[in-house]
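Accompanying notes for the structure given below.
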Amino acid sequence: MPSLFQRYNMSKTCQLFSGSSGNSIFISSGETRILIDAGVTAKRIDEGLSAIGESADKINAIFVTHEHTDHIKGLRVLASRYNIPVFTSRDIADKLFRDGRVDERITVEDISENMELGGIEILPFKNSHDSVECYGYRFNLPDGRAISVCTDTGYVTPEARRIIPQSDLVYLESNHEVMMLENGPYPYILKQRILSRKGHLSNDDCAEFARVLAESGTTRFVLAHLSRENNYPDIAKQTTLNSLNAAGFYEGKDFRLSVSSPVNGSAPILL
């Protein structure tokens, strides 16, 4: 018998894992179920899905943002075990094959152009990160709503600024507080990497783009990929709140804002 979500074509989403210890986001609409990244072991993804009433054998596709370990650690085992097709760019796919992160048992498809899967339109866009390539995604759902994922980028790229606005919900990187990073324990070269235009999005840059998105009609924000060493959830959230409040938007009235924890402990967001 179809679930309640299937019968009413409801959509739901959840960040299963977030941060340098591993990343994975779940999105479903009707009978279509998608993962963005598989950055922890397949066993942990199985457990994370089970905790929200889902199962890995029902996943229709895995979309990979880039080849760093915290985004693809469980990819080979998960995709081969459950025969899940993987979508990413040709250059990222080549890197994954060279490094043994995928093999001939796994179907890998190119996402350089917009595509459709189970009634969901997927719009990839390039981010700026120190990887072979890095992509974010906008998912246009059959009911007219949209979810976008934008993490692992040193700045908000022109493609992201063009494609993400008017999304209903956005997973947006708020990786570090600049002063904490500059005065923290990381080696100088690592600090420079994170602060560069191929690094990670700061709280301030996240907050600025969140304002742009709110002005476009976005009403749900999930701050993602926070650094454990160079950020605090309360600081990240307050920085974005301040930016939205200054623009005349207020939490509970105009938008909802949450912060992803390294391991999900919340119910999925329903759309």
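Scope of the values below: all heavy atoms of this structure, side chains included, with no hydrogens, waters or symmetry mates. What you see is a predicted model; the values in this text were computed from it and never measured.
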Polar side chain donor-acceptor pair, [X] to [Y], under 3.5 angstrom:
X      : Y      : result
Asp152 : His68  : no
Asp37  : His71  : yes
Glu177 : Asn231 : no

Spatial distance of atom CE (Met10) from atom CG (Asp143) [nearest 0.5 Å]: 10.0 Å
The criterion is salt bridge (charged side-chain N to carboxylate O under 4.0 Å, His left out); which residues satisfy it with [X], sequence neighbours excluded?
X      : answer
Arg105 : Asp103
Lys237 : Glu251
Glu208 : Arg161, Arg211

Nearest non-hydrogen partners of Cys150 and Ala160, listed with the distance: SG-CB, 4.5 Å
Heavy-atom closest pair, residues Val178 and Ser202: CG2-CB, 3.9 Å
side-chain contact (heavy atoms from CB on, under 4.5 Å) partners for Met115, two or more places apart: Phe63, Phe87, Ile111, Leu117, Ile122
Aromatic contact, His200 with His225 (centres under 6.0 Å): yes
Residue pairs involving residues 72-85 (criterion side-chain hydrogen bond (donor to acceptor under 3.5 Å, both in side chains); sequence neighbours excluded): Asp46-Tyr82
Summary of side-chain hydrogen bond (donor to acceptor under 3.5 Å, both in side chains) pairs that have at least one residue in residues 254-271, sequence neighbours excluded: Gln15-Ser260
Shared-cluster residues of Val212, by chain and number - hydrophobic side chains joined below 4.5 Å: Leu123, Phe125, Val156, Ile163, Ile164, Val170, Leu172, Leu201, Phe209, Leu213, Phe221, Leu223, Leu226, Leu241, Leu244, Phe249, Phe255, Leu257, Val259
Remaining members of hydrophobic cluster (4.5 Å side-chain criterion), Tyr188: none
Can you list the residues that meet the side chain to side chain donor-acceptor pair (under 3.5 Å) rule with [X], with sequence neighbours excluded?
X      : answer
Asp57  : Ser55
Arg193 : Asp130
Glu109 : none
Ser89  : Glu133

